[in-house]
Trainee: 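Just dropping this structure here.
These numbers come from a predicted model, not from an experiment. A note on names: the letters A, B, ... follow the listed sequences, proteins ahead of strands, and every chain is numbered from 1.
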Amino acid sequence: MNVEFFKNELKNSLVNAFTKAFPNAEKLDFSLEIPPEEQNSDFACPFFIFSKQLKTSPNQIASKILENLEKPIFLEEVLQAGAYLNFKIKTESLAKTVLTQVLTEKENYGSSDFGNKKKVLIEYSSPTTNKPLHLGHVRNNLIGISVIRILKMAGYDVKTICLYNDRGIQICKSMLAYQKFCQNENPKTLGIKPDHYVGDLYVRFSKEEKENPTLTKEVQEMLQKWEADDKETIELWQKMSNWVYEGYNQTYKRMGVTFDYRQYESETYLLGKKISYEALEKGIFFQKEDGSVWIDLTNEGLDEKLVVRGDGTSVYITQDFGNAVERQKNIGFEKMVYVVGNEQDYHFQALFKILKKLGYAWADECFHLSYGMVELPTGKMKSREGTVVDADLLMDEVKELVKEGMQKTEKFSETELDQTAEIISLGAISFFILKVHPNKRILFNPQESIDFQGMTGTYVQYSHTRIVSILRKFGENLPQEADFSLLTEAEEIALLRTLANFSQTVKEAAIGFNPSKIANYSYTLAKNFSKFYDKHSVLNLENEELKFARIVLLEAVKITLKNSLNLLGIKAPEKM
RNA sequence: GCACCGAUAGCUCAACUGGAUAGAGCAACAGCCUUCUAAGUUGUAGGUUGAAGGUUCAAGUCCUUCUCGGUGUACCA
């Protein structure tokens, strides 16, 4: 038995009551909502929508339904509030159902078969390999991590992929700077994180280029050499690319970023050209006098879009639809999600329309999970000018802040302290970014942004450790059963109701690809726990039965807090 | 110019996708630690949801127009 059971039973009762009250009326579906807290109920049903068909006021309909309603045994009472009927479940039934479910399902509590094992391929991170990861990538990675976990929990079969943009003029800039200014240097012997080393070269090149315009020409020559497979150039490119990957892998590991598949633009950039010429023959694409190939998207509200240049080379979007087709062939997916910033909204609109025109029905199942830029108070981050918030540095700095504020309560060994500070700082960053809806841009103030009080990851983690602390002091053997009818306090009921909503929240987050739903949920649950904690005792209760019931309740809250944090890619520490 | 996105308390964000009196956090002020971790809790104050129309039983949410901010509109990626 689970929480859905209540909903289904209530709907059945409502349908029966409706048929009795209005025998001649067309049957309609009932929607059950979660009522506002002050109604002190578990489910609510509004009757506005029936009003027109029945030519009766919603209040009267509610009354008549109420008269004809046969209450299921788990129902304590039904109260009419205007056009609404509010249903209150017997606390004992609610508690037994919810708590048993949580304790049985444990780390799987919240999961459902909503996604029907549909195979979803998620592309995220996809950096340009000429510089270290910055705050923009951090948001991308965090959204990616979280959406992956949310979709998995909602019953999807999720695979992940990263497309490294590892070729092109930007890469050559770092390479040329290395060749010209730092030949034979090695970041390892210099003690510099290798991706930072390459990024510094990129910044240095941009500076030198301003004073010395011939460098622009040289870097273009280098790109041509690369495309011509010049041995020396390729070797340099490989050496520097590997430095970057080495650095990325450290950052990825720290953030919890993993991929099932990796693609490299250097290997995929020719994809799509063949498709383009085939589409040209079929008349889907058209050719201009200079030989360039185009698609006309003016009927779709877009422009004409170039897919092959006059010189026969392809462009970004060509590679992208080629790549999509390739992924469908090699990996296979029923749905594909691109986690990419909103400056590429237009690009993905065009991409999906091209795929559709090429005749791929699955184009409708491609989705651009677009997210807003992360901006600084001083404006946009520009890597060429070095005005970026570096991902590694950010994590280090926040960690230092956490360390300064620690050591107050619990005793920690040196390594424990470091590990805990790491968990808290990463949690603070993740929560800060994920609590905002992806669509919105984030203004990041380095001094003020990362907070450890109020609606933060730290707060949720702290609530978790407090529960852990109580359970630890209670002892090894936690009860699985108890007399749940003893859970009658308002704070206990609030916790039960919040627990019961978890699975529904996960579904909503999955539908909207929206981690902020989960962040809000975890905060609400933590907040409800804190209120309970402040007002009621557990361990020093004389009533053993009540103590057991509360221990079970707290165990369930602990599990659900941990699960919700996990959906955000945040770890739940045992003490802090 | 055109297209897309955003605008909610001083600041940062929510609001079950059209439902009940728009909720939290920060900052401010006033309380609560000999009691399970005070990174906590209680209270006060803070709103014409950018503006004006419209749709309907009901609009922060949908439609139109406008204002402000952002992004895109490249034979860059």
Trainee: Can you confirm whether more than 12 heavy atoms, excluding those of A:K305, are under 6.0 Å from its NZ atom?
Mentor: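 Buried by this count: over 12 neighbours within 6.0 Å.
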
Trainee: Between B:G6 and B:G50, how far apart are the P atoms? Round to whole Å, please.
Mentor: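 These two P atoms come out 12 Å apart once rounded.
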
Trainee: What is the glycosidic conformation of B:C33: syn, defined as within 90° of 0, or anti?
Mentor: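 What B:C33 shows is a syn base, its glycosidic angle lying within 90° of 0.
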
Trainee: Whether A:K403 and A:D418 form a salt bridge (side-chain N of Lys/Arg under 4.0 Å from carboxylate O of Asp/Glu) is what I want to check.
Mentor: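 Yes, A:D418 and A:K403 are salt-bridged.
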
Trainee: Taking only Lys NZ, Arg NE, NH1 and NH2, and the carboxylate oxygens of Asp or Glu, determine whether A:E491 and A:K535 approach each other closer than 4.0 Å.
Mentor: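 Counted as a salt bridge, because a side-chain N and a carboxylate O are separated by less than 4.0 Å.
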
Trainee: When you compare B:C16 with B:A59, how far apart are their P atoms, in angstrom units rounded to a whole number?
Mentor: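 Nearest-Å result for B:C16 against B:A59 at atom P: 16 Å.
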
Trainee: Under 4.0 Å from OP1 or OP2 of B:A39: is there any side-chain N or O of A:Y462 that close?
Mentor: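 For B:A39, OP1/OP2 do have a side-chain N/O of A:Y462 under 4.0 Å.
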
Trainee: Let me know the distance between CD of A:E304 and P of B:U73, rounded to the nearest Å.
Mentor: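 For the pair A:E304 CD and B:U73 P, the rounded distance is 16 Å.
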
Trainee: Does A:F43 have A:K7 sitting over its ring (NZ/CZ under 6.0 Å from centre, angle to axis within 45°)?
Mentor: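 Verdict for A:F43: no cation-pi partner in A:K7.
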
Trainee: Are the aromatic rings of A:F352 and A:H368 close, with centres under 6.0 Å apart?
Mentor: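 A:F352 vs A:H368: aromatic centres not under 6.0 Å.
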
Trainee: Taking 4.0 Å as the cut-off, does a side-chain nitrogen or oxygen of A:K535 come that near to OP1 or OP2 on B:U42?
Mentor: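 No, no such contact exists.
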
Trainee: Are A:F30 and A:F50 an aromatic pair, judged by ring center distance below 6.0 Å?
Mentor: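 Yes - the distance between ring centres of A:F50 and A:F30 falls below the 6.0 Å cut-off.
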
Trainee: A side-chain contact here means heavy atoms from C-beta on lying under 4.5 Å apart; do A:S174 and A:F205 qualify?
Mentor: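 When only atoms from C-beta onward are counted, A:F205 and A:S174 do not touch, as no gap falls below 4.5 Å.
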
Trainee: Quick one: is B:A38 close enough that its OP1 or OP2 comes under 4.0 Å of any side-chain N or O from A:R466?
Mentor: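 The answer is yes; a side-chain N or O of A:R466 sits under 4.0 Å from OP1 or OP2.
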
Trainee: Taking 4.0 Å as the cut-off, does a side-chain nitrogen or oxygen of A:S537 come that near to OP1 or OP2 on B:C36?
Mentor: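 Result: no.
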
Trainee: I'd like to know if A:N86 reaches the base of B:A20 with its side chain such that a donor and an acceptor end up less than 3.5 angstrom apart.
Mentor: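 Flag set: donor-acceptor pair detected.
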
Trainee: Kindly indicate whether the side chain of A:K575, heavy atoms from C-beta on, has any atom under 4.5 Å from the side chain of A:V468.
Mentor: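 Of all side-chain heavy-atom pairs linking A:V468 with A:K575, none is under 4.5 Å.
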
Trainee: How close or far is atom P of B:U17 from atom NZ of A:K507, stated in whole angstroms?
Mentor: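 Checked: the NZ to P distance equals 13 Å.
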
Trainee: Within 45° of the ring axis of A:F529 and under 6.0 Å from its six-membered ring centre, is that where the NZ or CZ of A:R466 lies?
Mentor: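 No, a cation-pi geometry is absent between A:R466 and A:F529.
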
Trainee: Centre of A:Y269's six-membered ring, under 6.0 Å away, within 45 degrees of the axis: is that where NZ or CZ of A:R167 sits?
Mentor: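 Ring-cation test returns yes.
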
Trainee: Strictly under 6.0 Å, is that where the ring centroids of A:F502 and A:Y521 end up?
Mentor: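 Yes, close enough.
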
Trainee: Got a sec, which residues hit side chain to side chain donor-acceptor pair (under 3.5 Å) with A:S51, two or more places apart in sequence or on another chain?
Mentor: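 Result, side chain to side chain donor-acceptor pair (under 3.5 Å) vs A:S51: none returned.
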
Trainee: Report yes if some heavy atom in the side chain of A:N165 is under 4.5 Å from a heavy atom in the side chain of A:T129; otherwise report no.
Mentor: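 A side-chain contact is absent here, since even the closest heavy-atom pair is not under 4.5 Å.
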
Trainee: Measure the shortest side-chain to side-chain distance between A:Q80 and A:L85 over non-hydrogen atoms and say whether it is less than 4.5 angstrom.
Mentor: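 A side-chain contact under 4.5 Å exists here.
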
Trainee: Compare all side-chain heavy atoms of A:V138 with those of A:L135 and state whether any distance is below 4.5 angstrom.
Mentor: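 The answer is yes; the side chains approach within 4.5 Å.
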
Trainee: Give me the distance, rounded to whole Å, that separates B:G46 from B:A22 when you measure between the C1' atoms they each carry.
Mentor: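 Straight-line distance between the two C1' atoms is 14 Å.
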
Trainee: Which string of ( ) [ ] | and . matches RNA chain B, if you list each base 5' to 3' and count Watson-Crick or G-U pairs only when both distances are under 3.5 Å?
Mentor: (((((((..((((.....[...)))).(((((.......))))).....(((((..]....))))))))))))....

Trainee: Mind listing the residues from residues 526-534 of chain A sitting with a heavy atom below 4.0 Å of RNA chain B? Number order is fine.
Mentor: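 Residues of residues 526-534 of chain A under 4.0 Å from RNA chain B: A:K527, A:S530, A:K531, A:Y533, A:D534.
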
Trainee: Identify whether the glycosidic angle of B:U17 places it syn (within 90° of 0) or anti.
Mentor: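 This nucleotide is in syn.
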
Trainee: Can you tell if the side chain of A:S112 reaches within under 4.5 Å of the side chain of A:V506, non-hydrogen atoms only?
Mentor: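 Contact flag for A:S112/A:V506 side chains = no.
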
Trainee: Are any protein N/O atoms closer than 3.5 Å to N/O atoms in nucleotides 3-5 of chain B? If there are, list each pair with its distance.
Mentor:
none

Trainee: Taking the same atom, P, in B:C68 and in B:A51, what whole-Å distance lies between them?
Mentor: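 That atom pair is separated by 15 Å.
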
Trainee: So if I take residues 508-519 of chain A and measure heavy-atom distances to RNA chain B, which residues fall below 4.0 Å?
Mentor: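 Those residues are A:E508, A:K517.
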
Trainee: Base, backbone or nothing for each nucleotide of nucleotides 57-63 of chain B, written B, S, -, heavy atoms under 4.0 angstrom, 5' to 3'?
Mentor: B------

Trainee: Would you tell me if any nitrogen or oxygen in the side chain of A:R309 comes within less than 4.0 Å of OP1 or OP2 on B:C76?
Mentor: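 Yes, within the criterion.
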
Trainee: Below 4.5 Å, heavy atoms only, C-beta onward: do A:L401 and A:F452 meet side chain to side chain?
Mentor: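 In contact.
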
Trainee: Indicate whether OP1 or OP2 belonging to B:U41 is found under 4.0 Å from a side-chain N or O atom of A:Y459.
Mentor: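 Yes, because at least one side-chain N or O of A:Y459 sits under 4.0 Å from OP1 or OP2 of B:U41.
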
